[in-house]
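Below is one structure, written out as structure tokens, with a few remarks after it.
Quantities reported herein were computed from a predicted structural model and do not represent experimental measurements. By convention in this document, chain letters (A, B, ...) are assigned in the order of the sequence lines, proteins followed by strands, and residues within each chain are numbered from 1.
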There are 2 protein chains.
Amino acid sequence: MAATDDPNPPKRRRRRTGQSSASLGQVAELAGVSTATVSRAFNNPDRVSEAMRSRIFKAAEQLNWVPNAAGRALASARTRILGAVIPTLDNEIFARQVLGLQDGLSPHGYTLFLGCSRYCGEAALTEVRAMLEHGVEGIMLVGRDYPDTLFRLLRAHRTPHVLSYIYDPGLDHPTVGFRHDEIFAQLTRAHLEAGHRRFALIFQNVEGNSRVADRLRGVRETLAEAAAPLPEDQVLIGEGTLQFGADSLRRLMSLPEAVRPSAIICGNDTLAIGALSMAQRMGLQVPKDFAISGFDNTAISEMTAPPLYTAEIDNYLVGREAAEMMLRRLKNRKAPVEHLELQPRLIARASI
Amino acid sequence: MAATDDPNPPKRRRRRTGQSSASLGQVAELAGVSTATVSRAFNNPDRVSEAMRSRIFKAAEQLNWVPNAAGRALASARTRILGAVIPTLDNEIFARQVLGLQDGLSPHGYTLFLGCSRYCGEAALTEVRAMLEHGVEGIMLVGRDYPDTLFRLLRAHRTPHVLSYIYDPGLDHPTVGFRHDEIFAQLTRAHLEAGHRRFALIFQNVEGNSRVADRLRGVRETLAEAAAPLPEDQVLIGEGTLQFGADSLRRLMSLPEAVRPSAIICGNDTLAIGALSMAQRMGLQVPKDFAISGFDNTAISEMTAPPLYTAEIDNYLVGREAAEMMLRRLKNRKAPVEHLELQPRLIARASI
DNA sequence: TGCAATTTTGTAAGCGCTTACATCGGAGGA
DNA sequence: TCCTCCGATGTAAGCGCTTACAAAATTGCA
């Protein structure tokens, strides 16, 4: 097996990457060092001598080198990417959570993949699958309404996850959020304490959204305890929009006076504000003609006439804490499942 | 150079990837074929026989295989990732553009990296750099207010980009949007036609936001043409919030009657709604005491008292068209720079 | 001054995939 | 029947990086 001819015929293998940007190898060449040293200069600066380091940095700068994440990911089995699945960007609640998430994560060098489920478990699954392909190291999900397949997939990939916007120590998944039933029980009690006994509800859709289900439950249980009736036909459920709020109010206020509700609990501020604007148009006085409450404390809620009785949760903080929890899980994969309860704040205003 | 001993001592090289999820190689092994065939079965199904294909799919399913994007990216120099940089998620305008973007892109198998610049060029640059590291194939940016470095970086990486939310055929970058000056000129004319001559402006911050600058210019030029004065101390600029809108209105309405404006042009609906709510609190009649207009046509703008005169652009469509344009640029790298002008719609309501 | 301990740098394998090229086995034409 | 052609499959290189281990350079200390 002596070396006779040229052992490697000049097959001229592919040259796919055009003249595109520089590689670590080229930086190494320009700096006159090995690729290992360049890699270390960037990832473990203190394992490289001062002189060498500045020589390498200069070369990198000169070539305008930007490291290739795919190469890094393949070699190190780390991507520094995290994923977040939210219902929709079209809602400032979730947008603000994402903001908190990004602020909590980027100082640690993580980039965020964002997916919207539009309240559909299957869509969420698709998003998660795409994220796993891209090697996300962890995933944050809003709520718990996802198919089992999704959680099984996560487990199979050993990808940690955190559920945000809910607090549920009974769950085998880490959660960061609050008790939706509890805060709606509080809102309900506020109405009861103001002496109301005839209730109606205007709520957003509940299917595929256990948070709304929890809110409804909180209201129902509290009313039941107080032995206050809640006629089922006065529980109006539809889109969580201004329009549905307005339409629902008109419907409720068209009822015969004997059964007309004196207190209306809305599933969020948007519904309540829609109702309030309809009340104004109908010439009704709030809270004289009826009391109303919302949830979220959107910016406009303190400017309505009258200002809206509501409650708020710091959604930026929810995102921020979810980020922290994710970082902890990433650091210690076998830590026990954590739960963090945040406290919503009741905002007592004139609409009750 | 004869082969004497074992040429490759059992060094037992690293075994980094734990027992993590399956690789294409394992799928190949289970199906009893080469890795090349597995790859083809997924990427070029028609280059593989029917029987083989189903055998491979079965094996993949059995192992719960999810392809590794890093490996694919490295081998194919394609990532199927695109990036989008928006000022902030905290604004439904941009959130809706992102929604349009995702809807336009995901049918084509692209995933989206999202970055927020918070109206800061440097922050945008950081985001873009991170995206380039991750090998995005193209980037969509809101507006044109970015440092030159950013565009140079993009050019160096041969990464196509599209600017959204503006239309400017004079720019050497593709744009999808509308003329901010033009629509504000129209809004201004609406006031003029209603007979107003004494104007004030309530606008969001203009630095680092050429769109707001364009809007202001549109107003100023139109007023100048009509020889209507615009005292500089009645151009109020601050945060684009309800609060600033409300505060500004109070300030304007506290002016001596002789100089008090009869028409107020706001840079967006939020400012106008803030002003409107303050007017209500002050017991002022709109449009009797003053006329006011906004921009965006937010959901609530038709429910204010009175409903707000405004204009709207279909932001979902902006995102959608930006996606299409990006796809075209991706398909044909050397296509000439395109510009798409979308038309905002004037929404004439009772506040003028 | 000499040698071990320590730091700094180099060598080269391999991460999971795609793809140029080689090979193999019919099908079809002469 | 032989040969060509073509479709299906295999072989193996290499994408850009990290890192275990080896080698070299430097330091510390007796």
| task | Write down the distance between CZ (A:R78) and C1' (D:dG16), rounded to a whole number of angstrom. | result | 18 Å
| said: Using whole Å, what does the distance between atom C1' of nucleotide C:dT18 and atom CG of B:L74 come to? | reply: 10 Å
| task | Mark yes when over 12 heavy atoms from residues, nucleotides or ligands other than A:E29 sit less than 6.0 Å from its CD; otherwise mark no. | result | no
| query | Does a sphere of radius 6.0 Å around CD in B:E137 hold more than 12 heavy atoms from other residues, nucleotides or ligands, not counting ones at 6.0 Å or beyond? | reply | yes
| request: Would you kindly give the CG-to-C1' distance between A:N44 and D:dT18, to the nearest whole Å? | output: 10 Å
| Between CG on residue B:L163 and NE2 on residue B:H339, distance to nearest 0.5 Å | 9.0 Å
| said: Distance alone, cut at 3.5 Å: any donor-acceptor contact between the side chains of A:D145 and A:S210? | reply: yes
| Given atom CD of B:E133 and atom P of D:dT18, what is their separation to the nearest angstrom? | 10 Å
| task | Quickly work out the A:E29 CD to C:dG10 C1' distance and round it to whole Å. | result | 15 Å
| Whole-Å gap separating P (D:dC17) and NE2 (B:H134) | 13 Å
| According to the interplanar angle, ranging from 0 to 90°, do the rings of A:F42 and A:F57 count as parallel (below 30°), tilted (30 to 60°) or perpendicular (above 60°)? | tilted
Please enumerate all protein N or O atoms sitting under 3.5 Å from an N or O of nucleotides 6-9 of chain C, with distances to 0.1 Å.
| unit_1 | atom_1 | unit_2 | atom_2 | d |
| --- | --- | --- | --- | --- |
| C:dT9 | OP1 | A:S49 | OG | 2.9 |
| C:dT9 | OP2 | A:S49 | N | 2.9 |

| said: Assess, by modelled atom type and distance only, whether the side chains of B:S117 and B:E127 contain a donor and an acceptor separated by less than 3.5 Å. | reply: no
| field | B:R328, CZ: over 12 other non-hydrogen atoms inside 6.0 angstrom | value | yes
| query | Does one side chain, of A:Y165 or A:N315, offer a donor that lies under 3.5 Å from an acceptor on the other? | reply | no
| query | Does B:S39 place a side-chain N or O at less than 4.0 Å from the phosphate oxygens OP1/OP2 of C:dT18? | reply | yes
| query | C:dC15 P sits how many Å from B:R72 CZ, rounded? | reply | 19 Å
| task | Could you check whether the rings of A:Y119 and A:F94 sit parallel, tilted or perpendicular, using 30° and 60° as the cut-offs? | result | perpendicular
| Rounded distance (Å) that lies between atom C1' of D:dG16 and atom CG of B:L132 | 16 Å
| task | Check each residue of residues 61-71 of chain B for a non-hydrogen atom within less than 4.0 Å of any atom in DNA chain D, then write out the ones that pass by number, or none. | result | none
